[in-house]
Trainee: 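First the structure, which I've put down as structure tokens, then a few questions once you've had a look.
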Amino acid sequence: MAKPVLLVTRRLPPAIEARAVRDYQARLNTEDAPRTGADILRLAQGADAVLCCPAERLDGATIGALPPTVKVLGTFSVGYDHIDLAAARTRGLPVVNTPDVLSVATAECAMLLILAAARRAGEGERLVRSGAWSGWAPTQLMGTLVSGRRLGIFGMGRIGRELARMAAAFGMEVHYRDMVRLPPEMENGAIWHEDDDSFLGCSDVLSLNAPGGEATRKWLNAERIAKLPHGAVVANAARGTLVDDAALIDALRSGQIGHAGLDVYDGEPKMHPGYLELENVVLLPHLGSATTETRDAMGNIVLDGIDAVLAGREPANLVR
Ligand code: DGY
């Protein structure tokens, strides 16, 4: 029997491309050039499955126009805010993603942003590389401890909970804001807040770990920023859309936010140009899940889901 046809929109780790080639007539993207919706429609002709990535928008029009042969859409990400899920449901197209396997890596990245921002690692690195570093000095690049400070986690899902575990080991007191309180055995001592005011008021360090999408668009706005303790540290390893960039930049300029660490941007790879002018923000290029082990695990779980749908089984990683 002929192998099913799988369109893969970006370069994937070697082990994952090898699996795709072994099990599918795989249409790989050897140049790794980002695909537009029009490209995907053209390349998906006759395909049984499409495996896309978060930088590609699968809007309603694209999903509606996918060839009828396409029976499943996989995304090489846990986030699916780039996919019009309502359109996929209407079209009867199951969507599978990569939950769980990237939680530790993304939480590590959030911790990296927190530490790098609080300890001014970006400024320090730039100083060393510029050749202008004149040696140790008692008042040089003084940052702030994270140990003993209060960490507010906005979005206590899998990644938020991993971050809470790591932060506790750094001696941080963990607070969280989510729609519902976790069962006590999952809280591990973290303190739930039912409203933004009490949550923000005790977030010396605020980490955004909620999903993107309309419900969280520009959640961190000027009004909420004003409720944070003066000089708070902000980290975002979730989605750029959670932040009102102009408001965050104003607050970084005024000192209301002391330091920020960002891995994600609204409209990335573009970003608000104001960030590039600021010393007190550390900017990473969406590295959250970028470890070899994690990316392999992501590839395997998304292919497991695609395999399951094409074999008529319910995938464990179906997006509902
Ligand atoms: C995701 O999985 O949603 C990340 O943003 C990419 O690792």
Side-chain angles (χ1 to χ4, degrees), residues 8-17 29 32 34-35 50-59 72-85 88 94-114 153-163 166 178 207-217 219-220 234-243 245 260-271 282-306 315-320:
V8 179
T9 62
R10 296 297 299 268
R11 266 247 95 121
L12 298 180
I16 304 307
E17 288 193 345
N29 181 351
D32 203 20
R35 300 296 192 199
V50 174
L51 174 42
C52 71
C53 288
E56 289 140 355
R57 286 226 72 71
L58 275 289
D59 59 13
V72 54
L73 174 61
T75 180
F76 193 84
S77 60
V78 67
Y80 43 81
D81 49 315
H82 53 297
I83 297 173
D84 186 329
L85 275 190
V95 176
V96 292
N97 68 341
T98 66
D100 296 313
V101 294
L102 47 60
S103 304
V104 172
T106 309
E108 278 188 1
C109 184
M111 200 68 221
L112 168 70
L113 293 171
I114 291 168
I153 299 180
F154 176 65
M156 197 63 154
R158 290 172 285 236
I159 297 168
R161 294 198 296 276
E162 284 297 340
L163 174 62
M166 294 173 193
D178 211 317
S207 177
L208 304 178
N209 297 101
E214 279 317 304
T216 55
R217 179 166 291 281
W219 181 85
L220 188 64
V234 168
N236 187 7
R239 283 291 181 265
T241 51
L242 269 78
V243 174
D245 292 314
L262 307 177
D263 187 43
V264 286
Y265 310 90
D266 193 3
E268 64 186 54
K270 295 200 179 105
M271 70 183 69
V282 174
L283 305 170
L284 297 184
H286 203 149
L287 294 180
S289 63
T291 77
T292 306
E293 312 86 319
T294 308
R295 291 281 163 87
D296 281 351
M298 290 166 71
N300 280 318
I301 192 174
V302 74
L303 286 178
D304 289 348
I306 291 172
N317 51 339
L318 182 68
V319 175
R320 293 182 192 279

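When a ligand or atom number is given, it counts from 1 through the structure's own listing order.
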Trainee: Quick one: does R295's side chain get under 4.5 Å of F76's, heavy atoms only?
Mentor: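 In contact.
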
Trainee: Counting each atom of ligand 1 from 1 as listed, which ones have a heavy atom of S77 under 4.0 Å away?
Mentor: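 In order of number, 1 (C), 2 (O), 3 (O).
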
Trainee: Between C109 and L284, which heavy-atom pair has the shortest distance, and what is it?
Mentor: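 Nearest pair, atom of C109 first, then L284: SG-CD1, 4.3 Å.
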
Trainee: Which of the atoms in ligand 1, numbered in the order shown and given with their element, are less than 4.0 Å from a heavy-atom of R239?
Mentor: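 Answer, ordered by atom number: 1 (C), 3 (O), 4 (C), 5 (O).
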
Trainee: Of all the atoms in ligand 1, which lie at a distance below 4.0 Å from a heavy atom belonging to S289?
Mentor: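 Per the distance check, 6 (C), 7 (O).
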
Trainee: For V78, does its backbone N or O pair with a side-chain atom of N97 as donor and acceptor, under 3.5 Å?
Mentor: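 Yes, because the side chain of N97 sits within donor-acceptor range (under 3.5 Å) of the backbone of V78.
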
Trainee: Show the nearest heavy-atom pair for residues R161 and M156, with the distance to one decimal.
Mentor: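 Shortest heavy-atom contact: NH1-O, 3.2 Å.
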
Trainee: Show the atoms of ligand 1 that are less than 4.0 angstrom away from any heavy atom in G79.
Mentor: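 In order of number, 1 (C), 2 (O), 3 (O).
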
Trainee: Tell me: protein heavy atom nearest atom 2 (O) of ligand 1, and distance?
Mentor: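 Atom 2 (O) of ligand 1 sits closest to the protein heavy atom V78 N, 2.7 Å.
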
Trainee: Hey, which of D266, D263, D81 is the one that makes salt bridge (Lys or Arg N to Asp or Glu O under 4.0 Å) with R239?
Mentor: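 So the option named by the test is D81.
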
Trainee: May I ask you to list the atoms of ligand 1 that are less than 4.0 angstrom from any heavy atom of L102?
Mentor: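 Counting from 1, the qualifying ligand atoms are 2 (O).
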
Trainee: Which atoms of ligand 1 sit under 4.0 Å from any heavy atom of H286?
Mentor: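 This gives 4 (C), 5 (O), 6 (C) as the contact atoms.
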
Trainee: What's the spacing between T98 OG1 and D304 CG if we round to 0.5 Å?
Mentor: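 These two atoms lie 12.0 Å from each other.
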
